[in-house]
Each structure stands twice: as C-alpha cells, then as structure tokens.
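Some notes on the structure that comes next.
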Number of protein chains: 2
Amino acid sequence: MSKKTTIYDIAKKLNITAATVSRALNNNPKISEATRALVLKTAAKMNYEQNKLALALKSGKSFNVGVIVPRIDSNFFASVIRGIEEELHPEGYHVIICQTHDQKSLELANINSLLNAQVDGVLMSISNANDATKPNNPKEGIDIEENSIFDNLIKKNVPLIFFDRKKDIKGVSSIVIDDFKGAYDATQHLIDQGKKRIAHLSNNRDIEIFKNRYLGYKQALIDNGIAFDDNLVIECFSKVADGRKVTQKLLDMKEPPDAIFSVSDFSALGAIQEILEQDLKIPEDISVVGFSNEPFTKFMELSITSVDQSPTEMGRIAAKVFLEEVNNDSKIKSEKHVVLSPELMIRKSSLSSASSAVTA
Amino acid sequence: MSKKTTIYDIAKKLNITAATVSRALNNNPKISEATRALVLKTAAKMNYEQNKLALALKSGKSFNVGVIVPRIDSNFFASVIRGIEEELHPEGYHVIICQTHDQKSLELANINSLLNAQVDGVLMSISNANDATKPNNPKEGIDIEENSIFDNLIKKNVPLIFFDRKKDIKGVSSIVIDDFKGAYDATQHLIDQGKKRIAHLSNNRDIEIFKNRYLGYKQALIDNGIAFDDNLVIECFSKVADGRKVTQKLLDMKEPPDAIFSVSDFSALGAIQEILEQDLKIPEDISVVGFSNEPFTKFMELSITSVDQSPTEMGRIAAKVFLEEVNNDSKIKSEKHVVLSPELMIRKSSLSSASSAVTA
DNA sequence: TATATTTATGTAATCGATTACGAATGATGC
DNA sequence: GCATCATTCGTAATCGATTACATAAATATA
C-alpha cells in the first residue's frame with residue numbers, strides 16, 4: 001500500500017539532500033537548528049521510520065543476536081531466553097531463536113544461517129548429540145574436530161557466548177552453574193538424611209555438565225567415606241519413561257539403593273513413579289533428588305527436591321557478557337567465565353524428618 | 001579478522017564483473033556453463049557466503065518474522081514458538097522473539113521495532129492488559145482505539161497473524177482453539193460426574209478467550225438445567241497464589257461448590273492446594289478442572305484434568321498461514337480463521353469413579 | 001575592506017547484493 | 001559475404017542509509 005518513506009522523500013519535499021536529512025535525524029552537530037527542527041517535524045509528519053536493514057548493511061551491525069538451544073519448550077531454556085531478551089531488548093537488540101533438537105548438523109546449519117543473516121553475536125547451549133563413536137581427544141576438553149563447527153564464528157570475529165552446556169574454546173566466554181557443587185550438595189544432603197546407598201541417574205558424560213554432576217556426586221561419597229559403586233550409576237535420557245525404566249532395574253538389584261540422585265527432574269519423576277508403584281515409601285524407603293528445579297517439582301504434592309540453576313539470571317548474564325564483548329573496541333579481547341552457584345531446593349521427596357522446614 | 005568475501009572479491013579474482021558472479025550463483029540461465037562452474041568453484045574456495053542483509057535491502061524481504069508473546073517462559077507460548085520455528089526454519093525464515101509482559105506499551109513498541117527491522121510478518125498473541133478503564137465500544141469485538149496499535153502493520157501490508165488471543169480486525173487471520181467448546185466440554189464432564197454446583201475461576205473477560213470460556217461454562221449449565229449462579233464466578237489471575245485465595249472465599253460460602261472449573265491450570269492448582277489444606281477430598285468432595293494442559297497437570301500424583309490446546313500445532317498452523325499470505329502475489333487477500341478443537345484430558349482431579357480410564 | 005575561519009550544506013562513495021539494458025561475440029541461414 | 005539472432009557478459013542503477021570531502025555562505029579578525 002503506502003510505500004515506506006525514506007530520507008530521500010523527506011529531502012525532496014524540503015528541497016535539500018538526503019545527507020542533510022540524515023544529519024538532522026542523527027543529532028549531527030554540523031547542522032543548523034532551524035533545518036534540524038524542520039526535518040524532524042517533516043519526518044514526523046510523513047511517518048518516517050529508519051530502515052534498520054539499510055543501516056545494518058552500511059554499518060555492519062544488524063542489532064540481531066542468535067540464540068541456539070536444543071529446544072525452546074523446556075522451562076530451563078525458555079527461562080534463559082527470557083533473561084536474554086529482557087536484557088538485550090532495552091539495548092536495541094532483537095533475539096533470533098534457533099532450535100537444534102540435539103542434532104549437530106542443525107547446530108552447524110544454524111550457525112551458518114545466522115552468520116549469513118549478519119547477526120552481531122551468538123549465544124548458545126551446545127547439543128547433546130552422542131559423540132561417543134568418535135575417539136575422544138585426550139587433550140582435556142579440546143576436541144578439534146568438534147570445535148570446527150565454531151570456526152566460522154571465530155574467524156569472523158562474531159562474539160560467541162556459551163551458557164550451561166559449553167565447550168572449552170580459547171577466547172570464548174561462558175556462563176554455567178557449578179554443576180559439581182550442585183551435585184555435591186545434593187548428594188551431601190542425601191547423606192545427611194542418613195542415606196548410604198545412593199544411586200545416580202546420569203546422562204552422556206561427554207557433555208561437561210553431566211560429567212561434572214557425576215564427579216560432584218562421586219566426590220561427596222568419597223568425602224563421607226562411602227564406597228563408590230559403579231553399578232549404582234546408570235545413564236539415561238532426561239525423560240520420565242527412561243527414568244522409570246532404569247529405576248526398575250535399580251529396584252531389582254540384590255541390594256537396591258536407598259536414594260537416587262538424578263541429573264534430570266524428568267527422570268527423577270520417572271523414578272518416583274516407579275518407586276511408588278512398587279509400594280515403597282518416599283523418602284522413608286528411598287529418597288529422590290532431581291536437577292533443574294522444573295516448575296512441576298515444586299507443584300507436586302510429593303514435592304521433589306531439586307537443584308535450582310537460576311536460568312533467567314544465567315540468560316541475563318550471558319547477555320551482559322555479550323554486550324561487553326560487542327562494545328569492546330580495544331584489541332585486547334578477554335574471555336570471561338562466570339560460574340553461578342546452584343541452590344538446593346529441599347522438598348518432601350528427600351526430607352526424612354518432619355523437623356526441618358521445606359523450601360518453597 | 002578475515003573480512004567476509006563478497007561477489008566483488010570473486011569477480012576481481014576471475015577478472016569478470018560482480019554481475020556475472022551473481023548470475024552464476026543464482027542459476028541465471030544467461031551464463032555459460034564454463035564460467036558458472038568456475039565461479040562456483042572459486043566461491044567455494046574463497047568461502048563465499050551470501051550477505052542476506054544486502055539481499056534483504058535489495059529485495060525488500062528480510063526472511064525474518066517477529067513473534068510477540070506476553071512471555072516466553074510459559075509452556076504454552078514456548079510450545080507455540082517451537083511450532084512456528086520448526087515450520088518456518090525449513091523455509092529459510094528466522095524467528096525473532098519479543099515479550100510484552102502484558103504491557104500494551106511494549107506491544108506497540110515491539111511492533112514498531114519489528115517493522116523498522118523490516119520483518120516479513122508478525123505472529124502474535126495479544127496482551128492481557130486491563131482495558132476495563134476505557135468505555136467498551138459497543139460494536140462487537142471492534143475497538144478502534146485498540147486496533148490503532150496494529151495500523152502501522154496493516155498500512156505497510158505486513159502480514160499479521162493472531163494466535164490464541166486475538167482481536168477481530170478486518171483482513172487479519174487468526175488461529176485459536178474453540179474456547180467455548182473447551183469450557184463446555186469441561187463443564188459437561190463435571191456434570192456427568194454428578195456435580196451440581198460448579199464454580200468458575202475466570203479472568204479478564206475483555207480478552208476473547210476468557211469470555212468464550214465463561215460463555216461455554218454458562219451454556220453447559222443451562223443445557224443441563226442447572227441454574228447459573230453469578231456468585232460462583234470469580235475473576236482471578238493465572239497464578240497459584242491467586243487460585244488459593246479465591247478458593248478460600250468459595251469454600252467459606254454457606255453453600256460451597258462441589259466442583260471448580262478454572263480458566264488456568266495454575267489457579268486450578270492453587271484451588272487444589274487450598275481444598276486439600278481444608279481436609280476435603282478431591283474429587284469426592286470437590287472436583288477440579290484446569291485449562292491449558294500444562295506439563296505439571298499430568299505429572300502430579302493427583303493429576304489434574306485439563307483442556308489441551310495443542311500449542312505446537314497452533315504454532316505450526318500460524319506459520320503455514322503466514323507462508324500462504326506472504327507467498328500470495330495476487331491482489332485478492334483473504335483472511336483465514338482456523339479454530340482448533342480442544343481436547344479434554346480427564347485425570348484424577350475430576351474422575352469420581354475408578355471405573356473409567358484416566359487419560360495419559 | 002580583504003582575509004581567515006566557522007558553519008551549513010551538497011556531492012559522491014560506500015555497504016553487498018540483483019537486474020534491466022546494452023554491447024560484443026559467435027553461430028546460422030541464404 | 002552479410003544480415004539475423006542467440007548467447008554471454010559488462011555497465012550502471014537500485015535498495016536506504018551514513019559520512020569523508022568539497023564547497024558555499026556567513027561570520028570573525030586584522
């Protein structure tokens with residue numbers, strides 16, 4: 001319908017050039033107050049709105065950032081994105097969402113696609129794809145083949161920020177929680193409740209967060225003089241059904257566990273369902289602790305103890321780190337590593353005595 | 001670091017012009033096979049990637065769409081966005097997320113901001129801000145002052161699609177669920193269970209969805225010969241705490257209700273908590289039905305009956321309608337109104353007899 | 001008054017692509 | 001051998017902004 005008005009339209013109407021209009025609109029000092037006022041008034045009258053696309057092409061800044069997550073319909077990722085959006089919106093940035101569904105190929109495709117769209121930065125949580133088929137690179141945390149996915153970003157000097165699930169790449173900042181501590185605290189809590197045979201529902205430990213939770217769990221056992229038993233550690237997906245399945249196996253053991261610490265709230269829920277099904281009592285017979293503090297853990301009548309990751313805060317900080325990097329003109333670039341402290345939310349699924357208060 | 005390579009770089013290297021390079025890259029027939037192959041090979045060698053920004057400026061298509069929601073960290077909206085992203089990504093579109101936090105001012109600001117960014121379309125669910133202070137326009141569903149928010153979009157011919165919370169605007173498509181039917185079915189179900197005094201936790205009925213749920217509830221009562229009692233309808237926010245508060249009032253009545261139908265799962269949960277607190281039995285004494293099928297309703301031990309809105313499907317369809325509109329070159333523009341049928345998920349919170357099966 | 005110095009504006013290049021138009025080349029037909 | 005035509009490629013405009021440089025006008029200085 002009505003074509004968008006450009007600075008040329010305004011220029012023509014006022015018999016001046018587009019350059020003058022541009023200067024008037026941008027508070028350039030080299031212009032008379034009279035013409036500035038005139039241009040501003042005319043621009044308003046003609047409903048002028050700056051074409052950010054043209055500006056982006058000229059300036060090389062699109063004021064768009066890409067956010068890549070495995071999926072958006074999980075409370076954790078949605079909350080992180082919420083934090084990112086809230087922090088970046090006032091600064092004039094738009095947030096572009098990409099999902100990988102845990103496929104490495106989509107991860108690469110999304111990065112390239114975002115680069116073509118000229119985003120000013122990429123904030124991402126890496127995918128959970130199973131890389132187990134490839135031989136592990138012995139150099140701790142550095143897998144050259146893997147990192148080549150991010151080469152394009154780094155070569156083009158586009159800020160990359162990892163949150164939650166990161167890779168160790170030189171020059172790349174990251175915001176994570178202290179997964180080791182989260183797991184350690186959860187395990188210690190179970191031990192404090194008198195539990196001695198604590199199982200661990202793990203997940204792909206090629207991913208740092210799952211490895212660290214595993215290590216935190218193990219260390220807490222060791223520090224309390226409890227023998228670590230490999231048979232009590234089972235890998236399982238973050239799904240209710242998978243949690244049920246592996247819990248069934250645990251309960252079938254000669255010496256079943258008296259507590260379960262899961263890296264996921266969903267598998268923790270599956271564990272609870274299976275335990276109750278077998279007419280065992282929670283937390284008396286078996287205590288259960290999850291991870292992520294998904295909303296439902298608080299809502300259940302038998303509320304589930306879980307580790308809160310303050311996802312919105314994580315998103316906010318990731319956004320702030322991005323802003324620092326993108327506004328840093330100096331050549332000295334520093335990577336920043338923020339580690340948030342997790343908070344154990346103690347609830348009914350693990351609180352043996354009625355004495356202590358339950359966290360809201 | 002390494003500047004991005006442009007078609008001019010390729011042209012210079014091959015001693016041809018950028019026009020030829022562009023033609024080679026775009027499968028333009030007016031070019032020899034020899035040069036095309038040469039250009040393609042050189043482009044690959046130089047790691048050429050098309051600058052979508054330049055393309056967008058030239059073509060007027062940014063291949064970005066804006067999605068505006070009250071907030072992203074609710075399962076419903078996150079799921080809708082998931083559907084939108086999954087449908088639009090294969091078509092080459094990026095999804096830009098904006099949150100309004102239910103503020104009309106942010107709604108307007110976001111629309112304008114997206115327009116400046118030259119998005120190809122806007123998919124949105126309108127905010128829940130209370131317009132009650134303004135006198136209602138008698139013309140059903142058409143509020144001129146309100147709609148002026150969308151004027152810019154319509155004037156510029158940018159496709160606008162509403163999902164879930166819509167306004168009736170000429171030429172604007174919408175995807176909603178049949179909220180009337182959802183509420184009707186829920187109420188009928190409660191009546192089928194023998195309930196006779198059914199309360200309704202409503203919400204701001206200036207919003208269509210809440211109005212329709214109210215009307216569906218009312219009609220079900222009437223159709224079953226149950227007198228409608230205004231005292232049993234209470235407005236309340238979609239929050240657990242608010243649900244508790246108003247339920248307390250309901251239970252304090254001389255004749256308390258024997259069932260509660262809530263427009264929100266969260267206030268339904270609050271209701272349940274309050275009911276159990278008062279040592280009443282669910283569903284024997286009081287049944288509770290929510291709306292939205294939030295994940296936690298299924299997970300609770302006392303699972304909550306709720307109305308599923310198939311949000312991912314809603315997002316997919318919204319995206320498809322957008323694609324139809326954006327790909328429609330003809331001048332005949334038609335608005336499309338898709339109404340999805342909601343599905344009542346019957347669970348323990350309302351199923352009196354153990355005879356019937358509970359939906360998963 | 002003549003010169004120096006601001007101040008305000010215009011000219012034109014630039015960002016990186018696409019494309020209408022025109023020109024050069026070679027092939028074809030008679 | 002020459003007109004005709006198709007093929008292939010170059011020229012230059014365009015999308016809508018910004019900005020270095022040039023220039024004209026206005027003001028200050030001696």
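Residue numbers start from 1 in every chain, and the chains themselves are labelled A, B, ... in the order their sequence lines are given, proteins ahead of strands.
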Is the shortest distance from a Lys or Arg side-chain nitrogen in [X] or [Y] to a carboxylate oxygen in the other one below 4.0 Å?
| X | Y | answer |
| --- | --- | --- |
| B:Glu85 | B:Arg82 | no |
| A:Arg316 | A:Glu313 | no |
| A:Glu49 | A:Lys4 | no |

Taking 4.0 Å as the cut-off, does a side-chain nitrogen or oxygen of B:Ser32 come that near to OP1 or OP2 on D:dC9?
yes

Is any side-chain nitrogen or oxygen of B:Thr20 closer than 4.0 Å to OP1 or OP2 of D:dC9?
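So the side-chain polar atoms of B:Thr20 never come under 4.0 Å of the phosphate oxygens OP1 or OP2 of D:dC9.
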
For A:Lys61, does the NZ atom sit with more than 12 other heavy atoms under 6.0 Å from it, leaving out its own atoms?
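Above 12, so yes.
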
May I ask you to check whether A:His89 and B:Gln99 show a side-chain donor-acceptor distance below 3.5 Å?
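Note: A:His89 and B:Gln99 side chains miss the donor-acceptor criterion.
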
What is the distance from [atom1] of [X] to [atom2] of [N], rounded to the nearest Å?
| X | N | atom1 | atom2 | result |
| --- | --- | --- | --- | --- |
| A:Asn27 | C:dA8 | CG | P | 14 Å |
| B:Asn28 | C:dC21 | CG | P | 15 Å |
| B:Lys12 | D:dG10 | NZ | C1' | 17 Å |
| A:Arg36 | C:dT9 | CZ | C1' | 14 Å |

Under 3.5 Å, which donor-acceptor pairs do the side chains of residues 20-32 of chain A form with other protein atoms, sequence neighbours left out?
| unit_1 | atom_1 | unit_2 | atom_2 | d |
| --- | --- | --- | --- | --- |
| A:Thr20 | OG1 | A:Thr17 | OG1 | 3.3 |
| A:Ser22 | OG | A:Asn26 | ND2 | 3.3 |
| A:Asn26 | ND2 | A:Ser22 | O | 2.7 |
| A:Asn28 | OD1 | A:Lys30 | N | 2.9 |
| A:Ser32 | OG | A:Thr35 | N | 3.3 |
| A:Ser32 | OG | A:Thr35 | OG1 | 2.6 |

Using a cutoff of under 3.5 Å, can you pull out all pairs of nitrogen or oxygen atoms linking the protein to nucleotides 14-18 of chain C, with atom names and distances?
| unit_1 | atom_1 | unit_2 | atom_2 | d |
| --- | --- | --- | --- | --- |
| C:dG16 | N2 | B:Ala54 | O | 3.3 |
| C:dA17 | OP1 | B:Tyr48 | OH | 2.7 |
| C:dA17 | OP1 | B:Asn51 | N | 3.1 |
| C:dA17 | OP2 | B:Ile7 | N | 2.7 |
| C:dA17 | N7 | B:Tyr8 | OH | 2.8 |
| C:dA17 | N6 | B:Tyr8 | OH | 3.3 |
| C:dT18 | OP1 | B:Asn26 | OD1 | 3.3 |
| C:dT18 | OP1 | B:Asn26 | ND2 | 3.1 |
| C:dT18 | OP1 | B:Gln50 | NE2 | 3.0 |
| C:dT18 | OP2 | B:Ser22 | OG | 2.5 |
| C:dT18 | OP2 | B:Asn26 | ND2 | 3.1 |

The answer to which of B:Asn15 and A:Lys30 contacts DNA chain D further toward the 5' end, by nearest nucleotide, is B:Asn15

